[in-house]
Number of protein chains: 2
Amino acid sequence: MSDRNGSFDGVHRRNLARVLGLVHLEGPLSRARLTALTGLNRSTIAALAGELVDFGLVEERAPDPTNRVGRPSPVVAPHPALVAVAVNPEVDAVTLAAVGLGGRIAARRRIDVDGLVSPEEVARLTADAIDGWRSRELPDARFAGVGLAVPGLVRAADGLVRFAPHLEWRDAPVRAFVEEATGLPAAVGNDASLGAIAEHLFGAGRGVDDLVYLNGGASGIGGGLIVHGRPVGGTSGYAGEFGQNRPGIAASVDRRAEGGVLEDEVSRTRLLEAVGLRSADEPTLAAAIRDALAADGERGAAITDELDRQRRILATALANAVNVLNPSLVILGGFLATLADQEPEALRAAVAAQAMPAAAEDVDLVVAALGEDRLMIGAAEAAFASLLADPLAAAHPATVD
Amino acid sequence: MSDRNGSFDGVHRRNLARVLGLVHLEGPLSRARLTALTGLNRSTIAALAGELVDFGLVEERAPDPTNRVGRPSPVVAPHPALVAVAVNPEVDAVTLAAVGLGGRIAARRRIDVDGLVSPEEVARLTADAIDGWRSRELPDARFAGVGLAVPGLVRAADGLVRFAPHLEWRDAPVRAFVEEATGLPAAVGNDASLGAIAEHLFGAGRGVDDLVYLNGGASGIGGGLIVHGRPVGGTSGYAGEFGQNRPGIAASVDRRAEGGVLEDEVSRTRLLEAVGLRSADEPTLAAAIRDALAADGERGAAITDELDRQRRILATALANAVNVLNPSLVILGGFLATLADQEPEALRAAVAAQAMPAAAEDVDLVVAALGEDRLMIGAAEAAFASLLADPLAAAHPATVD
DNA sequence: CGATATTTGTTGCGCTTGACCCCAAATGGT
DNA sequence: ACCATTTGGGGTCAAGCGCAACAAATATCG
């Protein structure tokens with residue numbers, strides 16, 4: 001009844017996905033607004049919403065009090081019990097969250113680890129977290145799937161982690177481990193790529209169809225692209241590795257690492273060194289930079305020089321990306337946001353000076369908006385992806401009759 | 001009757017477009033093959049094909065003699081009378097062609113010009129060419145539209161040529177001029193972007209969904225991207241300007257232009273200088289390079305050095321693109337193909353050495369396949385685009401009843 | 001406080017489209 | 001010459017969405 005290869009039933013599937021997607025991206029919407037946004041008929045929206053309610057994917061609430069004439073329209077909202085599990089294994093901790101549709105964080109836990117976690121441990125920790133949530137914080141939750149944001153190269157075809165240098169994972173079938181341990185479908189993605197998706201859907205890049213996202217982390221510089229409103233994976237899913245690029249360095253005195261790549265030159269470690277810290281989280285580093293800049297004399301000059309140097313090189317890398325992709329937005333996260341925030345206009349001007357004028361006119365440069373939730377939301381998005389693409393297939397995996 | 005916003009009629013439109021697109025891309029196909037390729041029902045294919053015949057977009061021929069049992073299936077082929085006009089204004093000449101569906105060149109003419117052509121002259125030459133074809137070579141032709149491949153920045157929104165440095169056009173409304181002069185709908189695109197589309201659909205990139213195309217011309221280095229099987233324009237359509245990038249130059253002795261961009265370093269002019277020519281077409285340059293390499297002594301060493309130098313810099317630029325986009329194919333055209341053909345393995349190795357290993361594994365590096373027809377086919381594709389996207393709307397622009 | 005206007009949910013009907021079924025046509029093999 | 005196989009053609013069927021009429025709920029006006 002539900003699986004028909006014909007393109008007819010495809011209309012229905014697409015419309016279901018469209019309604020669910022709108023509720024997911026825009027938040028709770030009245031049926032009236034859904035008719036306006038989709039262009040579908042009122043009766044069609046009613047039928048689609050009813051179907052999604054039957055599947056347990058959304059719920060219909062009493063109308064919001066609107067101070068306008070006319071019959072109020074029921075509000076279609078993501079079902080609060082439906083969540084995805086987001087997992088981000090890092091060198092010092094594994095962060096997990098239960099994320100509802102619309103990017104709502106329902107629960108979160110951070111598990112500090114001694115030494116490096118293995119893929120098997122991540123699977124176990126994920127299963128434990130789900131058990132904990134099931135029995136305590138979220139007794140009614142229905143878990144749609146697991147999404148993992150991994151700091152490394154992830155092969156899109158099968159979710160294999162080809163290489164995660166800091167975790168020291170190599171060809172790790174973490175997806176299979178997690179699916180085995182939890183009994184849920186799992187999706188694996190590169191952390192920066194998933195961050196780009198999160199910023200695109202819920203952050204600084206909302207509604208922008210062509211953007212470049214660059215994130216500066218302790219491990220280096222990763223990124224993600226959105227083209228035609230869709231995340232770019234490339235053939236195998238490795239796209240977005242800006243950190244491994246070799247941008248032009250106009251003044252050779254700016255070069256620190258001979259034969260090095262972007263993330264050797266524009267690096268968090270070098271910023272930490274310049275302010276005399278050994279390690280710090282992002283707010284601490286930003287504060288330390290502010291303090292150092294305020295200090296007169298040699299200390300202030302040293303950090304100013306280093307910030308300027310890194311900005312010059314980053315600007316060339318960004319200009320290259322702007323020339324090739326002509327995006328309307330560049331989003332900077334992590335320490336790159338700190339770098340940009342110190343002298344936003346200087347960075348914009350440096351990019352504009354090195355990019356084609358026409359492309360430079362189009363592009364805006366902003367810092368990321370989502371903060372620490374970014375990876376959780378991005379990972380959840382990966383977990384929800386199949387459901388959002390085809391709610392009917394996901395709700396009725398194989399209806400016999 | 002024909003315009004209904006409902007998603008129902010959308011199925012029909014999509015199916016029509018799918019069938020026409022298949023015949024366009026794959027060449028003449030039997031109805032039986034169309035059913036297999038689309039997954040649609042035989043009766044549906046029959047109806048769709050009949051409709052396209054009625055619109056004059058395709059024709060049905062007697063079945064090809066197939067040495068197989070069973071009733072033979074009529075062949076659906078692009079209608080031979082349906083052509084688009086491709087126009088490529090350049091500094092020395094304006095090249096025009098009448099191109100049928102499937103990339104067939106029905107007629108071609110090259111008009112040498114003294115001095116630079118203006119947009120108005122291009123419009124007039126186009127109208128003249130159409131008149132000539134109508135009255136002589138192609139009396140039965142139906143012209144679907146005009147596509148212009150312009151060596152410059154073209155704003156996608158309205159086809160305005162923002163800046164074409166070698167033609168000395170600035171904010172030239174050439175699309176409007178051509179539409180006025182010919183009475184046909186016109187589309188304008190950047191030459192390299194259209195070349196990328198042509199290579200993707202009919203050349204070295206057939207069936208490849210993620211590719212990077214770089215073309216080396218007299219005016220510099222342009223390019224185009226295909227992502228998710230679709231050409232990437234960016235916000236305004238300026239995407240693909242690799243020539244304006246600043247790639248890393250590992251050895252500072254390799255730098256020729258201080259503060260220069262890729263096309264200042266990797267340049268046709270420098271190759272011509274190295275072989276002692278003032279100007280030459282591509283085969284002549286390639287032959288001159290071969291001769292020079294064969295020569296012993298200083299002359300051979302000089303050209304070897306210059307080729308190696310340009311290849312080193314090009315390799316860095318390609319590696320940057322490979323890191324960011326993880327394409328499965330890089331296509332080189334123009335003098336970049338000549339550069340690659342001299343030492344293909346050296347270039348591949350240099351790219352692989354500078355790109356991420358995982359992304360380098362995925363990518364293949366080839367030279368363009370279409371030669372001088374590339375821009376004509378790409379421009380025709382732009383002219384056919386609206387027809388291919390929605391044959392129904394294009395065939396019945398505004399059916400009153 | 002009641003009547004009216006406005007907006008929207010609900011229900012039944014009709015249109016369009018593509019799938020399915022059965023028969024006819026064309027071809028190769030026996 | 002006959003049969004198996006493949007495919008086109010026409011009629012019928014089911015499904016999905018739009019449309020129109022009616023009902024319900026709310027704000028505004030008198």
Side-chain angles (χ1 to χ4, degrees), chain A residues 1-19 29-54 58-76 390-392 396 399 401, chain B residues 1-19 29-54 58-76 390-392 396 399 401:
Chain A
M1 194 232 219
S2 72
D3 56 305
R4 187 155 302 174
N5 61 345
S7 47
F8 229 166
D9 180 77
V11 174
H12 188 59
R13 291 179 123 90
R14 229 188 322 277
N15 286 341
L16 271 177
R18 230 164 119 198
V19 170
L29 291 169
S30 71
R31 299 222 307 234
R33 241 180 110 40
L34 283 170
T35 60
L37 289 170
T38 59
L40 296 171
N41 195 277
R42 289 206 296 268
S43 49
T44 309
I45 291 294
L48 294 169
E51 206 169 341
L52 292 173
V53 169
D54 290 343
V58 304
E59 59 174 15
E60 285 196 301
R61 292 201 310 246
D64 282 332
T66 166
N67 284 328
R68 283 175 46 207
V69 67
R71 177 173 177 171
S73 191
V75 172
V76 181
D390 191 349
L392 210 148
H396 288 295
T399 309
D401 193 8
Chain B
M1 193 232 219
S2 72
D3 57 305
R4 186 155 303 174
N5 61 347
S7 45
F8 234 163
D9 178 81
V11 174
H12 187 58
R13 292 179 124 90
R14 228 188 323 278
N15 285 342
L16 272 177
R18 232 164 118 198
V19 170
L29 292 169
S30 71
R31 301 230 296 239
R33 242 179 108 41
L34 283 170
T35 60
L37 289 170
T38 58
L40 295 172
N41 197 279
R42 285 206 300 268
S43 52
T44 309
I45 290 294
L48 294 169
E51 206 169 341
L52 291 173
V53 169
D54 289 344
V58 303
E59 61 174 15
E60 285 196 299
R61 290 202 311 247
D64 283 332
T66 166
N67 286 326
R68 282 174 46 206
V69 67
R71 178 173 177 172
S73 190
V75 172
V76 181
D390 191 348
L392 209 148
H396 288 295
T399 309
D401 192 7

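Chain identifiers are assigned alphabetically (A, B, ...) following the order of the sequence lines, protein sequences preceding nucleic acid strands; residue numbering begins at 1 within each chain. Keep in mind that what you see is a predicted model, and the values were worked out from it rather than measured.
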Does dG9(C) have OP1 or OP2 sitting under 4.0 Å from an N or O in the side chain of Ser73(A)?
yes

Round to the nearest Å and state the distance from Arg18(B) atom CZ to dG18(C) atom C1'.
13 Å

Could you tell me how far apart His12(B) (NE2) and dG16(D) (C1') are, to the nearest whole angstrom?
16 Å

Upstream residue (5' side of DNA chain D) when Leu48(A) and Pro74(B) are each assigned their closest nucleotide:
Pro74(B)

Thr38(A) side chain reached by Asn15(A) side chain, heavy atoms, under 4.5 Å
no

Once base and sugar-phosphate atoms are separated, protein heavy atoms under 4.0 Å mark nucleotides 21-30 of chain C, 5' to 3', with B, S and - as ---BBBBS--

What donor-acceptor contacts under 3.5 angstrom involve side-chain atoms of residues 40-50 of chain B, with partners at least two apart or in another chain?
unit_1: Asn41(B); atom_1: OD1; unit_2: Ser43(B); atom_2: N; d: 3.0
unit_1: Asn41(B); atom_1: OD1; unit_2: Ser43(B); atom_2: OG; d: 2.9

Short question: side chain of Ser73(A), backbone of Ala32(A) - any donor-acceptor pair under 3.5 Å?
yes

Is there a side-chain contact between Asn15(B) and the phosphate of dG18(C), meaning an N or O under 4.0 Å from OP1 or OP2?
yes

Pairwise distance CG(Leu392(B)) to CD(Glu51(B)) - rounded to 0.5 angstrom
5.5 Å

Find the distance Asp64(A):CG to dT8(C):P and express it as a whole number of Å.
14 Å

For the pair made of CG in Leu34(B) and P in dT7(D), what is the distance, rounded to whole Å?
12 Å

Shortest non-hydrogen pair, Pro72(B) vs Pro63(B), comes out as CB-CB, 3.4 Å

When the distance from CG of Leu40(B) to C1' of dT7(D) is rounded to whole Å, what number comes out?
16 Å

To the nearest 0.5 Å, what is the distance between CG (Leu16(A)) and NE2 (His12(A))?
4.5 Å

Rounding to an integer number of Å, can you tell me how far Arg31(A) CZ sits from dA25(D) P?
13 Å

